[in-house]
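As a basis for the values below, the full set of heavy atoms in this structure was taken, side chains included, without hydrogen atoms, waters or symmetry mates. Not measured: the values here are computed from a predicted model. Below, chains carry the letters A, B, ... as their sequence lines are ordered, and counting in each starts from 1.
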Amino acid sequence: MAVTTCQARLVQLAPRLGAVAANLHRHLEAAERAASEGVELVVFPELSLTGYFLRDLVPEVALRLDSAHFAELLDLSRKIHLVFGFVEESDAFELHCSAAYLAEGELKHLHRKLYLPTYGMFDEARYFSAGSCLQSFPTPWGPAGLVICEDLWHPSVPYVLSRQGMDLLIGIAASPFRGVEPGGPDIGQSYELMLGAYAELFQCHVLFCNRVGCEDGISFWGGSRAISPLEGEIAVAPVFDETHLDVVLERSHLRRARFATPLLADERPELLRRALEKMSHE
Amino acid sequence: MSELDIDCPLVARVLEEFLRVELGRFGFSRGVVGLSGGVDSTVSTFLAARALGAENVTAVLMPYSGSSPASEADAMAVVEELGINYLQIEITPQIDAYFERFPDANRLRRANKMARERMTILYDQSAALGALVIGTSNKTEALLGYTTLWGDMACAVNPLGDLYKTQLRQLAGHLGVPRQIIEKPPSADLWPGQTDEGELGFTYEDVDQVLYRLVDLRLRPEEMVAEGFPEEFVRRVWDMVRQSQYKRRLPLVAKLSRRSLDRDFRYPRDWEA
């Protein structure tokens with residue numbers, strides 16, 4: 001039986017590029033403080049341990065899951081559930097842009113970024129290997145999906161997670177600011193639209209934690225937010241500020257949203273399966 | 001409403017943090033700006049004063065004997081309004097001494113020499129003041145190549161490099177730049193009556209519309225002509241962009257080793273591991 005409320009905190013921080021020890025220290029401090037303030041789940045942005053525009057620093061800041069830095073975070077996860085982003089060095093010496101979900105001193109889930117943007121200002125596939133596994137996982141608040149930034153731009157990702165079971169979608173991001181037309185960051189409006197649609201269509205809570213700060217002239221816009229399937233946006237952090245956002249997710253919202261409009265219950269995945277099978281034979 | 005309208009408070013916010021963070025990353029809290037009294041250098045100076053505090057900004061005025069006294073008055077008005085430090089360094093003696101040997105040098109050579117003279121002064125003051133050089137080149141002139149290589153483009157950080165001239169004017173209004181600076185005809189101030197638009201043969205309003213479509217919207221010249229833009233103008237602008245590409249890149253290096261700088265050796269500039 002899932003717990004009825006989740007006290008979550010999104011930590012909208014500006015990691016220092018390439019400075020893993022300093023960033024780790026800030027994670028430990030922020031998570032420790034969150035735990036002491038009654039927060040149950042603390043979420044940090046994409047590549048929160050390393051910063052984003054790493055280029056050739058990628059192999060230098062990579063962590064193995066059995067590293068000492070990782071052990072410190074695992075230890076802290078006895079007090080609080082913890083989501084953060086890092087460069088992962090696999091046993092095969094592949095480098096991934098990964099997100100970890102730690103709790104009770106264990107790695108409960110590891111997500112390797114599936115979609116590596118390599119267009120415009122992005123160059124991720126040059127430095128990282130793409131993940132190949134997409135799986136929701138259990139938490140005390142029901143099954144959760146954990147994805148990274150560009151993964152959110154592919155609706156098949158939340159769709160698959162939703163079919164596996166998803167009461168909470170956690171998206172962590174290092175989304176660069178661009179678009180200066182009046183009305184706030186252009187890119188922020190796209191995320192607002194997309195995340196709102198996911199909460200409504202997949203009838204789940206959405207936690208989105210985006211970083212702030214500036215690297216090599218590129219700013220990150222923040223605007224971390226929490227969305228309820230029943231009430232829409234329930235909390236939004238300011239753009240560009242280093243801050244944190246506290247939210248309480250109410251499980252009753254899922255129940256009411258799903259009873260009022262049984263989209264998940266009515267979903268017919270066999271239609272998709274048949275269409276995909278047909279296309280694969282063509 | 002024009003597609004070149006910008007959200008000025010948002011842009012100012014991003015640019016101020018950019019200056020603070022990028023200077024701070026290299027251990028600097030002070031900036032030095034070459035201030036001509038034109039709108040570009042004035043906007044850079046305003047942003048620097050807001051980001052770093054007036055006491056941490058030094059404007060360097062570097063007039064030549066042919067420069068307009070009105071430009072100097074405008075620059076001094078900026079210095080006084082912001083309460084920043086300033087230095088006035090005439091470049092006439094060294095420029096004239098050099099061209100005594102080359103009396104037939106044309107205006108372009110003289111203009112480039114002055115821009116590079118000013119650059120060397122800014123970099124020397126940068127070392128003297130423990131400050132980084134804050135750039136003043138906008139996106140329009142950088143795309144057109146209407147700049148001096150290693151001259152006015154040289155800087156450590158440039159808050160204006162992704163703003164078209166017409167956008168920069170909006171930002172100037174938002175920042176409270178004196179009206180006469182925003183409204184006077186843009187000029188490199190190299191000889192009496194010189195204006196950018198007179199030299200280029202088109203206005204910034206017109207060329208920004210073209211550049212925005214070619215660069216930001218990735219439209220092809222033929223699509224713009226179909227939209228009603230004069231073909232000759234669009235072609236000319238695109239030619240200027242292509243022909244000045246070298247000014248926007250580092251010098252070419254002949255690759256020999258397995259790991260050449262900036263080609264295979266790709267670290268961020270903000271490298272501080």
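In terms of heavy-atom proximity, A/Pro182 sits nearest to B/Asp5 at CD-O, 3.4 Å. Between B/Arg263 and A/Arg126, the shortest heavy-atom distance links the atoms O-NH2, 3.9 Å. Between B/Glu17 and A/Gly213, the shortest heavy-atom contact is OE2-CA, 3.6 Å. Listed here is the closest heavy atom pair of B/Arg25 and A/Glu215: NH1-CA, 3.9 Å. Smallest separation of non-hydrogen atoms from A/Asp216 and B/Asp270: N-OD2, 2.6 Å. Here the closest non-hydrogen pair linking A/Glu181 and B/Tyr212 is OE2-OH, 3.8 Å.
Counting non-hydrogen atoms of other residues, nucleotides and ligands closer than 6.0 Å to CG of B/Leu252 gives a total of 12 or fewer. Shown here is A/His154, whose NE2 atom has more than 12 heavy atoms of other residues, nucleotides or ligands within 6.0 Å. No more than 12 heavy atoms of other residues, nucleotides or ligands lie within 6.0 Å of CD in A/Glu200, so this atom counts as exposed by the packing criterion. Residue A/Asp91 qualifies as open at atom CG: its count of foreign heavy atoms under 6.0 Å is 12 or below.
Heavy atoms of A/Asp186 lying under 4.5 Å from chain B are absent altogether. Proximity to chain A (any heavy atom under 4.5 Å) is restricted, for B/Asp264, to the backbone atoms N, CA, C and O. In this structure, the portion of A/Phe53 lying under 4.5 Å from any heavy atom of chain B is its backbone and not its side chain. The part of B/Arg13 that comes within reach of chain A is its side chain, from C-beta onward, which places non-hydrogen atoms under 4.5 angstrom from that chain.
A/Cys214 SG to B/Leu19 CG: the interatomic distance, rounded to the nearest 0.5 Å, is 9.0 Å. Taking OH of B/Tyr267 as the start and CD of A/Glu60 as the end, the distance is 3.5 Å to the nearest 0.5 Å.
A heavy-atom distance below 4.5 Å is found between the side chains of A/Asp56 and B/Arg259.
Of the listed residues (B/Val21, B/Leu10, B/Asp216), the one with the most heavy-atom contacts under 4.5 Å to chain A is B/Leu10.
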